[in-house]
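Just so you know, these numbers use all the heavy atoms, side chains as well, and skip hydrogens, waters and symmetry mates. It should be emphasised that the depicted structure is a prediction, and the values quoted were computed from it without experimental measurement.
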Amino acid sequence: MTIATSSRPRDVQVANVGEHTLILRSRTWERLKFEVEYSRQRGTTANSYLIQADKTALIDPPGESFTEIFLEELARHINLNTLDYIILGHVNPNRRVTLEKLLTQAPQATLICSRPAANALKTAFPEWESRIQAVRFEDTLDLGQGHQLIFITVPTPRWPDGLFTYDPNTKILYTDKFFGAHICEDTLFDEDWKKLDAERRYYFDCLHAPQAKQVEAALDKVAILGARCYAPGHGPVVRYSLSRFTYDYRQWCQGQKSLDLNVALLYTSAYGNTGILANAIARGLTENGVNVESLNCELAEPAEIARILEASDGIIIGSPTLGGHAPTQIQTALGIVLSTAAKTKLAGVFGSYGWSGEAIDLIENKLKDANYRLGFETIRVRFSPTQETLQQCQAAGATFAQTLKKTKKLRTPRQVIAEANTDRTEQAVGRIIGSLCVVTTRDQENHKGILTSWISQATFNPPGIMIAIAQEQNVDLMSHIGDQFVLNILKEGRNIRRYFSRQSTLGDNPFANLETKIADNGCLILTEALAYLECTVTNQLECGDRRLIYAVVNKGEVLESNGVTAVEHRKSGSHY
């Protein structure tokens with residue numbers, strides 16, 4: 001393994017990593033940025049990938065630190081006028097700089113990204129709107145010659161626009177910010193992976209520890225793919241330690257969730273500076289054995305904020321100052337804190353600003369007036385953070401953690417009794433039964449179905465239903481206003497359920513052995529069902545680990561008047 005050194009200039013390393021597939025590794029042997037995640041000071045790589053089949057796709061162009069040398073090297077391997085697609089695992093200001101220059105040389109290219117990324121790009125560059133194609137979970141893109149890419153949305157608080165790309169032809173999963181490491185070396189793959197343990201764990205602790213819940217959800221989504229290689233945005237390509245690295249991620253996530261103390265870290269970040277401060281504070285907390293649940297309030301529902309606050313022992317709020325005020329999202333989060341969070345919880349305040357810092361003072365004063373005790377001296381940073389500023393933030397996180405440990409009260413006997421009765425409570429909740437149904441959705445020409453019993457009638461006029469779905473259950477096809485689906489209510493005695501799972505699966509066709517017909521809304525009706533309802537989504541709400549979907553029933557029919565509804569019986573309320 002080559003140790004990073006400043007004696008070598010930045011360059012772009014190019015190599016084959018699969019059929020029709022190149023990696024272009026933009027490398028720096030020095031520390032790239034003054035951010036906590038780069039503190040190991042062993043350089044880094046910004047990995048981009050080029051698939052050249054009947055159509056050509058570039059995955060994850062680097063940030064502005066490498067713009068010139070990257071575009072120069074890319075032009076040696078492809079005529080930029082023939083580039084068809086640019087696929088973005090996430091969008092940030094640095095990457096936009098490269099995109100601007102790249103699109104001037106490849107004006108015909110289509111940008112492929114998640115919906116949140118598409119919205120951000122359209123806001124920043126309205127002239128690009130016709131060139132942007134937003135994709136949902138399990139959407140596909142056929143490049144020809146067997147390269148039919150599959151997209152997996154992986155939103156997290158730090159990257160709400162996160163997107164994985166999977167190529168079944170090469171079995172490469174392009175993971176962007178997952179499974180990376182900030183280290184620069186000549187070795188392309190992870191042959192000597194045991195020596196990477198420290199870099200990998202540090203990278204995880206800095207970037208993913210505060211969002212362990214969402215990381216686990218992402219791991220669940222890709223578990224069924226059968227990938228043989230991870231192609232991350234930074235560091236070596238993962239080929240030899242894929243199963244071990246995946247196991248490590250799960251263990252590290254579990255380790256975060258098992259910690260006794262939890263801190264809710266709520267923030268917004270207009271230009272990225274407040275987010276950098278948040279990451280440094282989170283690092284100080286996790287280093288000292290405290291679990292952090294980070295939440296970017298710009299994309300969070302009030303119910304999600306309330307859930308995190310309820311489970312927290314401490315609250316830290318960060319905000320930029322825009323026009324002399326805190327952003328609306330932070331004001332909303334602060335209102336939820338003041339109205340719901342116990343005054344015994346330890347609090348903290350930080351933020352960045354350009355010419356004034358009224359938002360930081362507002363938050364601090366509101367918390368003090370409500371008798372919250374602050375766990376560190378409020379942090380105010382003008383313009384971009386420096387290395388010294390980030391060290392101060394890490395130290396503040398460490399101080400907050402130690403204070404929290406000292407002041408945390410012992411659990412009351414009542415809480416202990418409640419824990420002892422957990423099994424009984426779960427058994428009682430499990431006695432709630434529901435109709436066994438198959439929900440069918442449609443994604444262009446692809447039909448999908450999931451099995452569920454978490455459904456009930458919600459309104460009489462108009463007739464409406466409420467259904468609870470998890471992220472892996474085609475949530476992207478059912479969670480937007482106007483989305484349509486068919487609810488097929490199953491009949492007792494007919495074992496249709498064996499063809500469907502409670503999770504969406506890639507590549508399977510559960511309808512192959514079933515008789516179906518097309519509903520007016522384009523989704524499938526199971527003709528062996530007891531009844532069906534054609535529904536349109538009109539509202540949704542994030543609640544705990546599920547999303548509640550309210551849909552109006554547009555049309556319905558009983559297919560067998562003498563049948564009995566199949567129902568789901570459970571023994572525990574903690575699982576299906």
Side-chain angles (χ1 to χ4, degrees), residues 49 57 59-60 85-92 95 110-122 132-142 148-168 172-180 207-208 211-227 230-233 246 249 253 294-296 298-301 304 439 441-444 446 448 450 469-483 485 501-507 537 540-542 545-547 549:
Y49 304 89
I59 300 175
D60 292 335
Y85 302 103
I86 302 169
I87 300 172
L88 304 172
H90 79 285
V91 174
N92 59 27
R95 184 167 281 174
T110 298
L111 294 172
I112 305 289
C113 57
S114 66
R115 278 192 174 185
N119 293 337
L121 286 174
K122 290 174 184 177
I132 298 170
Q133 180 178 335
V135 293
R136 294 177 173 183
F137 179 54
E138 294 185 2
D139 277 357
T140 61
L141 176 66
D142 191 355
Q148 183 154 344
L149 306 184
I150 301 170
F151 299 109
I152 301 100
T153 50
V154 286
T156 64
R158 186 165 183 178
W159 300 288
D161 58 347
L163 183 72
F164 286 173
T165 302
Y166 180 60
D167 186 349
I172 296 176
L173 179 65
Y174 299 92
T175 59
D176 194 31
K177 290 295 185 179
F178 282 62
F179 302 111
L207 301 186
H208 296 306
Q211 51 189 25
K213 178 182 176 182
Q214 293 83 2
V215 171
E216 282 193 307
L219 295 177
D220 290 340
K221 283 186 175 183
V222 303
I224 61 175
L225 293 176
Y230 291 155
T246 306
Y249 257 57
C253 288
S294 181
L295 194 65
N296 187 333
E298 295 172 77
L299 298 148
E301 296 292 335
E304 178 72 358
V439 177
T441 56
R442 180 186 176 190
D443 186 10
Q444 296 180 1
N446 298 318
K448 302 180 182 182
I450 57 167
I469 58 174
Q471 184 66 34
E472 65 270 18
Q473 295 177 297
N474 290 334
V475 65
D476 283 354
L477 301 178
M478 299 173 60
S479 59
H480 303 93
I481 306 303
D483 284 349
F485 62 90
S501 70
R502 298 193 183 274
Q503 297 185 4
S504 172
T505 57
L506 300 179
V537 175
Q540 63 90 21
L541 177 67
E542 293 285 350
D545 60 355
R546 291 294 184 275
R547 180 174 293 181
I549 304 296

- Message: Set out, in order, the CA-CA distance, both residues' side-chain angles and the distance that settles side-chain contact (heavy atoms from CB on, under 4.5 Å) for Ile469 and Arg546, then state yes or no.
- Response: CA-CA 5 Å; Ile469 58 174; Arg546 291 294 184 275; 5.7 Å; no
- Item | Trace of the salt bridge (Lys or Arg N to Asp or Glu O under 4.0 Å) decision for Asp60 with Lys177 | CA-CA 10 Å; Asp60 292 335; Lys177 290 295 185 179; over 6 Å; no
- Query: Taking the six-membered ring where the residue is Trp, are the ring centres of Phe178 and Phe164 under 6.0 Å apart?
  - Reply: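 Yes.
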- Step through it carefully: locate the ring centre of Tyr249, locate the ring centre of Phe179, and say whether they are under 6.0 Å apart. yes
Any idea which heavy atoms bring [X] and [Y] closest together, and the distance?
X	Y	value
Pro157	Asn296	O-CB, 3.4 Å
Thr175	Pro232	OG1-CA, 3.3 Å
Pro160	Pro116	O-CG, 3.7 Å
Phe137	Lys448	O-NZ, 4.2 Å
Val537	Met478	CG2-O, 3.1 Å

Is the shortest heavy-atom distance from the side chain of [X] to the side chain of [Y] under 4.5 Å?
X	Y	result
His90	Leu163	no
Arg158	Gln214	no
Thr441	Ile450	no
Thr246	Tyr230	yes
Glu138	Asn446	no

- Test salt bridge (Lys or Arg N to Asp or Glu O under 4.0 Å) on Asp545 and Lys213 and set out the steps. CA-CA 10 Å; Asp545 60 355; Lys213 178 182 176 182; over 6 Å; no
Taking atom [atom1] of [X] and atom [atom2] of [Y], what is their separation to the nearest 0.5 Å?
X	Y	atom1	atom2	value
Glu542	Arg547	CD	CZ	4.0 Å
Arg136	Gln444	CZ	CD	9.5 Å
Asp443	Thr140	CG	OG1	7.5 Å
Gln148	Leu141	CD	CG	8.5 Å
Gln133	Ile112	CD	CD1	3.5 Å
Ile152	Ser114	CD1	OG	12.5 Å

- Message: If you apply the rule side-chain contact (heavy atoms from CB on, under 4.5 Å), what do you find for Arg95 with Leu88, and how did you get there?
- Response: CA-CA 9 Å; Arg95 184 167 281 174; Leu88 304 172; 4.0 Å; yes
- Report the C-alpha separation of Ile172 and Tyr166 in whole Å, then their side-chain angles, then the decisive distance to 0.1 Å, and conclude whether the side-chain contact (heavy atoms from CB on, under 4.5 Å) test is met. CA-CA 6 Å; Ile172 296 176; Tyr166 180 60; over 6 Å; no
- Message: Under a plain distance cut-off of 3.5 Å, with no hydrogens placed, do Thr165 and Tyr49 share a side-chain donor-acceptor pair?
- Response: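 No donor-acceptor contact under 3.5 Å links the two side chains.
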- Item | Pair Gln211-Thr156, side-chain donor/acceptor within less than 3.5 Å |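 Yes, Thr156 and Gln211 have a side-chain donor paired with an acceptor closer than 3.5 Å.
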- N-O pairing of Asp483 and Arg442 below 4.0 Å: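 No, this pair does not count.
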- Message: My understanding is that only one of Ile59, Leu173, Leu149, Ile150 makes a side chain to side chain contact (heavy atoms under 4.5 Å, CB included) with Asp167; could you say which?
- Response: Leu149
- Task: Begin from the C-alpha positions of Ile132 and Cys113 and carry the test side-chain contact (heavy atoms from CB on, under 4.5 Å) through to its verdict.
- Result: CA-CA 8 Å; Ile132 298 170; Cys113 57; 4.0 Å; yes
